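Structure first, commentary second.
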Amino acid sequence: MNKYLKGNISPGEQKELFKMAADMNIDHLLAEMIEADFETDLAGEINMTSQESEAIIKKILTSEKHTNRIFTMARRRKITRRLSAAAMVVMLVVGAAIMYFNRSSENSPVNSEVFIPAGNIKKTNTTSQPLIVVLQDGSSVKLASKSTLSFPENFENEKREVYMTGEAFFVIAKNPASPFYVYYNNVVTKVLGTSFNIKTNHTNSNIEVSVITGKVQVTENMTGSIKSVSGDSPKTVIVTPNQKAVYNSKQKDFETTLADSIRPLLNQTNSITNARESSDIDSFYFRKATNLRQVFTQMETFYGIEIITTNEHIYDCVFTGDLSKQDIWKKLNILCLTIGANYEIKGTKILVSGDGCK
């Protein structure tokens, strides 16, 4: 701050100062500077009425919702006292820092590695094979090659927080009292207990979060401050099994769509396994003519994906045959080929179109 006031601060130091001010990581230091300057008036005074000083303070405090945290100490004294030049500069720099960093963050991706707490353990997979990392709470992480995971030795806070780069598959131990957070640059993923995969699409640099089991909340992190991320962000999406959230790095927005790999839901797999063992029944072996409404309903339950049609007459078509050993896409290909229809992915749904049967 002193270098900034004297005009001999380097561009790198100024950027760091502005980032700290915007993140409120130095609010107590700034408050102490203002408090000391009120006390000593070493830098000279600006003569103004109490109304003028109050108006200036009010304008600064209302410029950004977080700014008032800086003045917790300073406002213990009467704000109508005369302000010294240095105190005024400090407060105005904070306001400028917030505006500067907010503007720059719109064009620059957040690097979550900058905010990794001191003392965290860092694991980097330098091999060509996946690396399994088991965390203190029983959660496990499969790190892809050239990926990094940073985590504390023990989760002692209310939140379990880890930081990563590259690609990783997480299986999180359930603990509703302690949510699990994964920080990956502009994306924060919050879970209670589930399994999911996070990676960067190297073609377009988009960040993708795919859910295998459970449910996750994916939030945009634009502030650069890990502690300032909250679930009430306007750019937040909920992702369920067989879905993925795609964070567009250029447009800085989310899109939810189907995951690259569609798996049967775990509870459905178990129920079908039990059914096979008890009565040798395969749920996708249609021995008798079955209308498409029933077939699609069965697929929706099995994969957790909604299938919609453009024509009600499609449900009048019937199918007989064995789809038990096919994945979802081959199932759809066979069904559509049978009735002369087509299908496409629409967000997190599958749309089937065609003339149907009358």
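Values in this document were obtained by computation on a predicted structure and should not be read as measured data. For this chain, numbers begin at 1 and follow the sequence in order. Hydrogens, waters and symmetry mates are skipped; everything else that's a heavy atom, side chains included, is used.
No side-chain heavy atom of Met299 sits under 4.5 Å from any side-chain heavy atom of Ile350. Considering only heavy atoms from C-beta on, Leu323 comes within 4.5 Å of Phe286 through its side chain. Contact check for Tyr184 versus Thr189: no side-chain heavy atoms found under the 4.5 Å cut-off. A heavy-atom distance below 4.5 Å is not found between the side chains of Ile339 and Phe319. Proximity of Phe296 to Leu335: side-chain heavy atoms (C-beta onward) are separated by under 4.5 Å at one or more points.
A donor-acceptor contact shorter than 3.5 Å is absent between the side chain of Thr348 and the backbone of Gln243. With hydrogens and angles disregarded, no donor-acceptor distance shorter than 3.5 Å links the side chain of Thr200 to the backbone of Asn206. Under a 3.5 Å cut-off, the side chain of Asn342 and the backbone N or O of Cys336 do not form any donor-acceptor pair. The closest donor-acceptor contact from the side chain of Gln136 to the backbone of Phe155 lies under 3.5 Å. Looking only at distances, no side-chain donor or acceptor of Lys123 sits under 3.5 Å from a matching main-chain atom of Phe151. Side chain of Thr290 to main chain of Lys288: a donor-acceptor pair is present (N/O by atom type, distance under 3.5 Å, no hydrogens or angles). Here the side chain of Thr124 pairs no donor or acceptor atom with the backbone of Thr148 at under 3.5 angstrom. For the pair Asn125 (side chain) and Ser147 (backbone), a donor-acceptor distance under 3.5 Å is absent. Side chain of Glu300 to backbone of Ile307: a donor-acceptor contact under 3.5 angstrom is found. Between the side chain of Thr257 and the backbone N or O of Gly347, at least one donor-acceptor pair lies under 3.5 Å.
Here Thr126 contributes atom OG1 and Leu131 contributes atom CG; the two are 8.0 Å apart, rounded to the nearest 0.5 Å. Note that the CD1 atom of Ile198 and the OG1 atom of Thr165 stand 11.5 Å from one another [nearest 0.5 Å].
Ring geometry, Tyr343 versus Trp329: the interplanar angle falls under 30°, so the pair is classed parallel (tilted spans 30 to 60°). Relative orientation of the Phe196 and Phe170 rings is parallel, given thresholds of 30° and 60° on the angle between their planes. Under the 30°/60° scheme for interplanar angles, the aromatic rings of Tyr181 and Tyr183 are found to lie parallel.
Counting heavy atoms of neighbouring residues, nucleotides and ligands inside a 6.0 Å radius, atom NZ of Lys142 does not exceed 12 of them. The 12-atom threshold is exceeded at CG of Asn248, counting heavy atoms of other residues, nucleotides or ligands nearer than 6.0 Å.
Between Glu312 and Arg293, at least one side-chain N (NZ, or NE/NH1/NH2) sits under 4.0 Å from a carboxylate O, which counts as a salt bridge.
Cluster annotation: Ile121 and Ile172 are assigned to the same hydrophobic cluster (Ile/Leu/Val/Met/Phe/Trp/Tyr, side-chain heavy-atom contacts under 4.5 Å, transitive). No single ILVMFWY cluster, assembled from side-chain heavy atoms under 4.5 Å apart, contains both Phe169 and Val211. Linking Ile, Leu, Val, Met, Phe, Trp and Tyr residues whenever their side-chain heavy atoms come within less than 4.5 Å leaves Val209 and Val246 in two separate clusters. The cluster map of Ile, Leu, Val, Met, Phe, Trp and Tyr, joined by side-chain heavy atoms under 4.5 Å apart, puts Ile314 and Leu351 in different clusters.
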Would Asn333 and Leu337 satisfy side chain to side chain contact (heavy atoms under 4.5 Å, CB included), going step by step from the backbone distance to the final call?
CA-CA 6 Å; Asn333 284 331; Leu337 182 63; over 6 Å; no
Chi angles and distances behind the side chain to side chain contact (heavy atoms under 4.5 Å, CB included) call for Ile334, Thr338:
CA-CA 6 Å; Ile334 293 173; Thr338 302; 4.2 Å; yes
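Test Glu208, Glu167, Lys244 against Asn197 for side chain to side chain donor-acceptor pair (under 3.5 Å) and you get one pass: Glu167. For the pairing with Pro179, the side-chain contact (heavy atoms from CB on, under 4.5 Å) check across Lys190, Gln217, Arg160 returns one residue only, Lys190.
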